[in-house]
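All remarks here apply to the structure that follows.
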Amino acid sequence: MPYRLDDYVSIVGAQVIDELRLIAEKAKGLTVQNVNSTAVGGGVAEILNRMVPFLQELGINAKWDVIKGGEKFYKVTKKFHNALHGSREEITPEDFTVFLETGEMNCKAMELEGDILFIHDPQPITLINQKDRKNAKWIWRCHIDVSNPDQRVWSFLRPFIDRYDTAVFSAPSFSQELPIRQFLISPSIDPLSDKNKELSDDTIEKVLERFKIDLEKPIVTQISRFDYLKDPLGVIEAFELVERNIDCQLILAGGEATDDPESVEVLAKVRERAARNPNIHVLAIPSGSDIEINAIQRASTVIIQKSVKEGFGLTVSEALWKGKPTVASAVGGITLQVSHKYSGLLCHSIEGAAHAVKQLLQNPEYARKLGENGREHIRQNFLLTRHLRDYILLFLSLQRSGDVIQL
Amino acid sequence: MRGGSPLANLSRAKEPFRFVSQVHLKELTGLKARKLSELAYHLKTVNGSVIYYHTHHFLQQHQFLSPEPPNDFAYWVTEALQNKKLGEKLSSINICQFTSIRALREKLVAVIENDLAGGKQDRAFAGEGEEFHFIKAVSFAFPVPYAAFDLKEFSDVLRKITIHSIYYHVFEARIRLEKPSNDFSLWMEKELGEAELAQKISRLDPYTYTMEGLRAKIIRLIETRLSEGEAL
């Protein structure tokens with residue numbers, strides 16, 4: 001059964017939900033048309049799946065449509081995605097043509113209606129070509145880390161971006177100097193989802209037993225895809241530095257992406273490297289194993305997120321929400337989630353990560369305090385109720401000017 | 001309780017205190033600093049709402065940290081530039097003593113420029129990903145359905161409003177809307193003639209409390225006053 005806002009009262013407090021309703025009152029009746037490139041799979045679809053029903057519950061006429069594109073188009077947009085993340089990609093003039101042609105086709109096929117047209121990510125960006133014939137406000141919501149984009153792709157997209165009324169990014173470092181207003185809206189986690197809800201000790205133990213994890217030994221865990229950007233080999237090195245002084249075990253767990261050749265390669269390397277050490281558990285589990293991931297996080301003594309680059313890194317919010325002492329690289333959106341020495345420890349190197357993990361394992365009181373602070377920080381700032389509030393404020397900001405707005 | 005009408009000696013306002021709450025949306029400026037001189041450069045020219053954001057958002061976002069440094073400049077200079085001495089100077093700026101963003105900006109710039117004057121401190125660069133990003137606060141204020149005519153009603157409401165509402169009346173009203181004191185004190189003095197209580201609340205340094213701590217402190221002050229009223 002889908003959740004209602006009242007289900008969140010016990011988590012964030014009745015006052016927060018009441019305020020959300022008061023604010024939403026001012027946006028009641030607005031039609032907000034969301035457009036992205038996929039209805040299932042991927043973070044954006046996951047967010048829209050949760051947000052659209054809640055916006056509707058609050059009286060906002062939220063809609064969601066998906067553009068159409070062929071295999072060629074999605075190959076190009078995947079390349080664009082990687083290039084915007086800063087990876088080197090072979091991009092040909094034909095790729096740009098494919099992108100524009102599909103954009104043109106969608107522009108003709110989809111007649112957008114609404115007070116606010118909320119376009120997510122680069123795939124549907126050319127829908128802005130309808131702007132002149134619509135009396136609507138246009139938002140471009142960028143979910144990607146564009147702090148260091150490939151300039152060919154970025155310059156190609158810029159004329160489209162510049163025509164929107166507002167852009168939204170997930171972290172301050174993703175913003176660029178643009179001629180339009182830009183807002184910072186961080187993503188969020190759903191505390192009632194399978195990945196984050198409370199679990200019984202029994203459920204947790206059963207999951208650990210299934211994966212043959214020793215329940216008596218401290219557990220250090222990284223949850224992530226098997227991807228070089230998540231530095232799983234660096235995590236193993238850091239763990240082995242810790243292990244010199246403390247008897248503990250490492251879990252590297254993440255979704256299995258058999259369709260991604262890089263992921264298969266990284267997983268093979270990690271397995272090879274881990275084979276020498278019986279205290280390292282490499283768990284490639286099917287994507288969607290949310291209860292398992294939740295249980296592993298809850299059973300962990302310390303959670304690590306040693307990413308080299310990170311879009312936002314919501315696994316950090318997931319760990320903190322579970323009150324777990326966390327060590328994470330100071331990259332991307334992670335620095336918004338972890339304030340060094342207050343809600344976790346930030347690191348910049350393998351040695352730094354090892355030192356931080358040791359500090360937490362050897363000082364359980366300190367670790368507990370950081371974990372508690374982390375949980376409160378997530379409660380205030382990274383739950384979906386805050387996300388919902390930010391979206392409504394964003395809609396309201398389009399119709400009002402000034403820095404202090406009286407609603 | 002003593003006597004038949006214990007609170008009869010406390011006044012009732014003609015105009016009630018109407019509670020307002022407020023939330024922020026963060027606007028990105030695209031401006032960033034990698035070293036101290038760049039921080040000073042932008043500090044002089046950015047919109048006042050940027051200074052306001054970086055000196056106040058900690059209060060609502062990191063409630064559990066207080067009395068840790070309440071401003072982003074101090075945190076960044078300490079953690080990213082490893083300039084602990086300047087970080088300490090910036091964090092010890094008594095924001096409570098400033099009644100306008102303009103005056104606060106001047107103070108921040110003066111402290112940083114004083115540090116830069118020797119020419120030695122500008123060698124430190126923030127590492128990649130640790131640049132200072134200037135963010136602007138866009139505030140949305142809205143009435144909440146609570147009003148109080150006397151101190152008893154006032155403390156009852158104070159228990160149930162969000163920290164955002166307390167924040168609005170104590171911080172936003174004073175430094176951003178440039179009122180002579182916080183909204184609570186102004187109303188108590190004008191409408192209830194409670195000059196002494198108003199003064200006590202006004203004298204608090206709200207920057208050294210967590211928002212929940214501040215709520216509890218103000219309630220305590222009001223309850224003390226109410227029990228004095230009962231004793232009369």
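Quick note on labels: first sequence line is chain A, next is B, and so on, each numbered from 1.
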Determine the option with the most heavy-atom pairs under 4.5 angstrom with chain B, choosing from A:Arg181, A:Gln176, A:His340. A:Arg181
Counting heavy-atom pairs closer than 4.5 Å to chain A, which one of B:Ile135, B:Val23, B:Val144 comes out on top? B:Val23
Can you check whether B:Ile163 reaches A:Gln380 side chain to side chain, under 4.5 Å on heavy atoms? yes
Please assess B:Leu25 against A:Ile185 for the test side chain to side chain contact (heavy atoms under 4.5 Å, CB included), listing each intermediate value before the final yes or no. CA-CA 8 Å; B:Leu25 193 57; A:Ile185 298 183; 4.3 Å; yes
Tell me whether A:Gln15 contacts the main-chain N or O of B:Lys160 through its side chain, where contact means a donor paired with an acceptor under 3.5 Å. yes
Return a table of donor-acceptor pairs under 3.5 angstrom between the side chains of residues 321-328 of chain A and protein atoms on other chains or two or more places apart.
unit_1   : atom_1 : unit_2   : atom_2 : d
A:Lys322 : NZ     : A:Lys195 : O      : 2.9
A:Lys322 : NZ     : A:Asn196 : OD1    : 3.1
A:Lys322 : NZ     : A:Gln297 : OE1    : 2.5
A:Lys324 : NZ     : A:Arg298 : O      : 2.9
A:Lys324 : NZ     : A:Ser300 : O      : 2.9
A:Thr326 : OG1    : A:Lys324 : O      : 2.8

Residue list, ring pair (Phe, Tyr, Trp, His ring centres under 6.0 Å) with B:His164, at least two apart or on another chain: none
Got a sec: does the CZ of B:Arg159 have more than 12 other heavy atoms crowding it under 6.0 Å? yes
Quick check on B:Phe132 against chain A: is it the side chain, the backbone, both or neither that has a heavy atom closer than 4.5 Å? neither
If we define contacts as heavy-atom pairs under 4.5 Å, which of B:Glu172, B:Lys32, B:Lys136 has the most with chain A? B:Lys136
With respect to chain B, which residue among A:Ser397, A:Ala14, A:Gly13 yields the maximal number of heavy-atom pairs within a distance under 4.5 Å? A:Ser397
Take atom NZ of B:Lys179 as the centre, draw a 6.0 Å sphere, and report whether it contains more than 12 heavy atoms from other residues, nucleotides or ligands. yes
Heavy-atom side-chain contact between A:Phe183 and B:Leu28 under 4.5 Å: no
Return yes when atom CD of B:Glu223 has more than 12 non-hydrogen atoms of other residues, nucleotides or ligands closer than 6.0 Å, and no otherwise. yes
Which atoms of B:Glu131 come close to chain A, meaning under 4.5 Å heavy atom to heavy atom: side chain ones, backbone ones, both, or neither? neither
For chain B, which candidate among A:Ser175, A:Pro172, A:Gly332 shows the most heavy-atom pairs at distances under 4.5 Å? A:Pro172
